There are 2 protein chains.
Amino acid sequence: MADQHELRDKGLRLTPQRELVLSAVRSLGHATPEEVAAKVRETHPGINLSTVYRNLETLENVGLVLHTHLGHGGATYHAAEELTHLHLVCGVCGSAADAPIDVAAQFVNALADEFGFKTDVTHFAVYGTCAACTTPED
Amino acid sequence: MADQHELRDKGLRLTPQRELVLSAVRSLGHATPEEVAAKVRETHPGINLSTVYRNLETLENVGLVLHTHLGHGGATYHAAEELTHLHLVCGVCGSAADAPIDVAAQFVNALADEFGFKTDVTHFAVYGTCAACTTPED
DNA sequence: TAACTCCTGCGAACTACTCGCAATTAGGTA
DNA sequence: TACCTAATTGCGAGTAGTTCGCAGGAGTTA
């Protein structure tokens, strides 16, 4: 549990709320601010939603967490070290599968070469139809 | 102006509001519901925002318009026949550039081959940093 | 024209998020 | 250890964007 160092190293104060938010994000994998708040409230019932939002923002600023848009409008937060995959969101069944970032390597390179655009493929989900929903089965 | 046929063919009633919403989407290229409302109000000032939202949803259900997520949370609407490009959204300056869908062809194929995932690259923006913001200039 | 529905306008409600302020608390210092 | 200062928290209000219910009005068919 080197959280204390991580947070202090980034120039942040070490508050119970902040630690709880960070560990909630880590344990949840991906989670909306509300889900993070719910998780944190299991051990710290009084925590305020504003505090969760502010800590997510703060933790994102120092690079410990990141957010991704999975479509519904709300952001989904991840621990920074876990964000090594891209998200395949199915428009039919709503599932979100993971795929390794390498499948996008050519795409990222093409965008870089042709447009000078440096792509972060993990930030937005990739939308489409998953295998299960594409294959008509009865 | 075959709008009447289009709408009627889809089983929709032909109301001035509905026609105006559709033509606003077509003339604007990409637009948020609020921008569509503003456009429509140029010729039909009394139109209600709810009506715009409902018509966008209705038109989307019958396939005449589509929406894309450009990131800020709000959806952006397009005429269905215009959606032949993907969007490169810059996280630094916030600009949204267009790119032909072919640059994503390999990526789409890889996803299809490896995961059976049928990708709609136009639905979500592609996030990253544009050339202007990548190149440090003074 | 009459009747039947769909559609519209309106206002309230809702969701997701942000902000200001006063009280609290972490971290550094003496 | 006691104290000081600034960061942080909780709370409530505020905001933006979107949805919903309802009653009146309009498009469509016979």
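Atom set for the values below is all heavy atoms of this structure, side chains included, hydrogens, waters and symmetry mates excluded. Quick caveat, the model's predicted, so the values are computed rather than measured. Residue numbering restarts at 1 for every chain, and letters A, B, ... go by the order of the sequence lines.
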inquiry  = What I'd like to find out is whether the side chain of B:Phe115 reaches to under 4.5 Å of the side chain of A:Val103, using heavy atoms alone.
reply    =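 B:Phe115 vs A:Val103: side chains touch.
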
request  = Not counting sequence neighbours, which residues clear side-chain contact (heavy atoms from CB on, under 4.5 Å) with B:Glu34? List them please.
outcome  =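 For B:Glu34, the residues satisfying side-chain contact (heavy atoms from CB on, under 4.5 Å) (neighbours in sequence not counted) are B:Thr32.
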
inquiry  = Checking A:Ser27 now: which residues fulfil side-chain contact (heavy atoms from CB on, under 4.5 Å) with it, not counting sequence neighbours?
reply    =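 Applying side-chain contact (heavy atoms from CB on, under 4.5 Å) to A:Ser27 gives A:Lys39.
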
ask   = Mind checking which nucleotides bracket the chain B contacts on DNA chain C, 5' to 3', with an atom under 4.0 Å from a heavy atom?
value =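 Contacts span C:dT5 to C:dG11, reading 5' to 3'.
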
task = Report yes or no: do B:Val89 and B:Ile101 belong to one cluster of Ile/Leu/Val/Met/Phe/Trp/Tyr joined by side chain heavy-atom distances under 4.5 Å?
result =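 No; tracing contacts between hydrophobic side chains, which count when under 4.5 Å, never links both residues.
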
task = Give the cluster check for B:Phe124 versus B:Val108: same hydrophobic cluster or not, with ILVMFWY residues linked at side-chain heavy-atom distances below 4.5 Å.
result =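 No, separate clusters.
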
Protein-nucleotides 26-30 of chain D N/O pairs closer than 3.5 Å?
unit_1 : atom_1 : unit_2  : atom_2 : d
D:dG27 : N2     : B:Arg13 : NH2    : 3.0
D:dT28 : OP1    : B:Arg8  : NE     : 3.4
D:dT28 : OP1    : B:Leu14 : N      : 3.2
D:dT29 : OP1    : B:Arg8  : NH2    : 3.2
D:dT29 : OP2    : B:Arg8  : NH2    : 3.3

message = Using C1' atoms of five pairs at each end, report the bend of the helix from C:dT1-D:dA30 to C:dA30-D:dT1 rounded to 10 degrees.
response =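 Computed angle between terminal axes is 30°.
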
query = Taking for each residue the nucleotide of DNA chain C bearing the nearest heavy atom, is the 5' side occupied by A:Pro33 or by B:His44?
reply =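 Its nearest nucleotide lies further toward 5', so the answer is B:His44.
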
query = What residues, two or more places apart in sequence or in another chain, satisfy ring-ring contact (aromatic ring centres under 6.0 Å, His included) together with A:Phe117?
reply =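 Partners of A:Phe117 by the ring-ring contact (aromatic ring centres under 6.0 Å, His included) criterion come out as none, since no residue qualifies.
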
ask   = A:Phe107: what forms a ring-ring contact (aromatic ring centres under 6.0 Å, His included) with it, not counting sequence neighbours?
value =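 B:Phe107.
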
Round to the nearest Å and state the distance from [X] atom [atom1] to [N] atom [atom2].
{"X": "A:Ile47", "N": "D:dG10", "atom1": "CD1", "atom2": "C1'", "answer": "10 Å"}
{"X": "A:Leu20", "N": "D:dG10", "atom1": "CG", "atom2": "P", "answer": "10 Å"}
{"X": "A:Asn48", "N": "D:dA13", "atom1": "CG", "atom2": "C1'", "answer": "13 Å"}
{"X": "A:Leu49", "N": "D:dG10", "atom1": "CG", "atom2": "C1'", "answer": "12 Å"}

message = With ring-ring contact (aromatic ring centres under 6.0 Å, His included) as the rule and sequence neighbours excluded, what pairs involving residues 11-41 of chain A come up?
response =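 As it turns out, the ring-ring contact (aromatic ring centres under 6.0 Å, His included) pairs with a partner in residues 11-41 of chain A, which skip direct neighbours, are A:His30-A:His78, A:His30-A:His87.
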
key: Pairs where residues 33-56 of chain A contributes a residue and the test ring-ring contact (aromatic ring centres under 6.0 Å, His included) is met, not counting sequence neighbours   =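 For residues 33-56 of chain A: none.
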
task = Name every residue in residues 50-61 of chain B that has at least one heavy atom under 4.0 Å from any atom of DNA chain C, in order of residue number, or write none if there are no such residues.
result =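 When residues 50-61 of chain B is checked for heavy atoms under 4.0 Å from DNA chain C, the hits, listed by number, are B:Ser50, B:Thr51, B:Arg54, B:Asn55.
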
request  = Respond yes when some side-chain nitrogen or oxygen of B:His67 is under 4.0 Å from OP1 or OP2 of D:dT18, and no when none is.
outcome  =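 Checking D:dT18 against B:His67, no side-chain N or O comes under 4.0 Å of OP1 or OP2.
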
All N/O donor-acceptor pairs, side-chain side in residues 54-63 of chain A, below 3.5 Å, sequence neighbours left out:
unit_1  : atom_1 : unit_2  : atom_2 : d
A:Asn55 : OD1    : A:Arg18 : NE     : 2.9
A:Asn55 : OD1    : A:Arg18 : NH2    : 3.3
A:Asn55 : ND2    : A:Thr51 : O      : 3.4
A:Thr58 : OG1    : A:Arg54 : O      : 2.8
A:Glu60 : OE1    : A:His67 : ND1    : 3.0
A:Glu60 : OE2    : A:His67 : N      : 3.1
A:Glu60 : OE2    : A:His67 : ND1    : 2.7
A:Asn61 : ND2    : A:Glu57 : O      : 3.4

query = Across the strands shown, which category fits B:Ala75 at heavy-atom distances under 4.0 angstrom: base, sugar-phosphate, nothing?
reply =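 Touches sugar-phosphate only.
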
ask   = Taking only residues two or more places apart in sequence or in another chain, which ones pass side chain to side chain donor-acceptor pair (under 3.5 Å) with A:Asn48?
value =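 With sequence neighbours excluded, A:Asn48 shows a side chain to side chain donor-acceptor pair (under 3.5 Å) to A:Ser50, given in chain and number order.
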
5' precedence on DNA chain D between B:Thr32 and A:Gly46 (nearest-nucleotide basis) =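 Between the two, 5'-proximity favours A:Gly46.
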
query = Charged N to carboxylate O under 4.0 angstrom, B:Glu19 versus B:Arg26?
reply =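 A salt bridge is absent here (no side-chain N lies under 4.0 Å from a carboxylate O).
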
inquiry  = Restricting to non-hydrogen atoms, name the atom on A:Val121 and the atom on A:Ala104 that form the minimum distance, rounded to 0.1 Å.
reply    =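 Looks like CG1-CB, 3.8 Å.
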
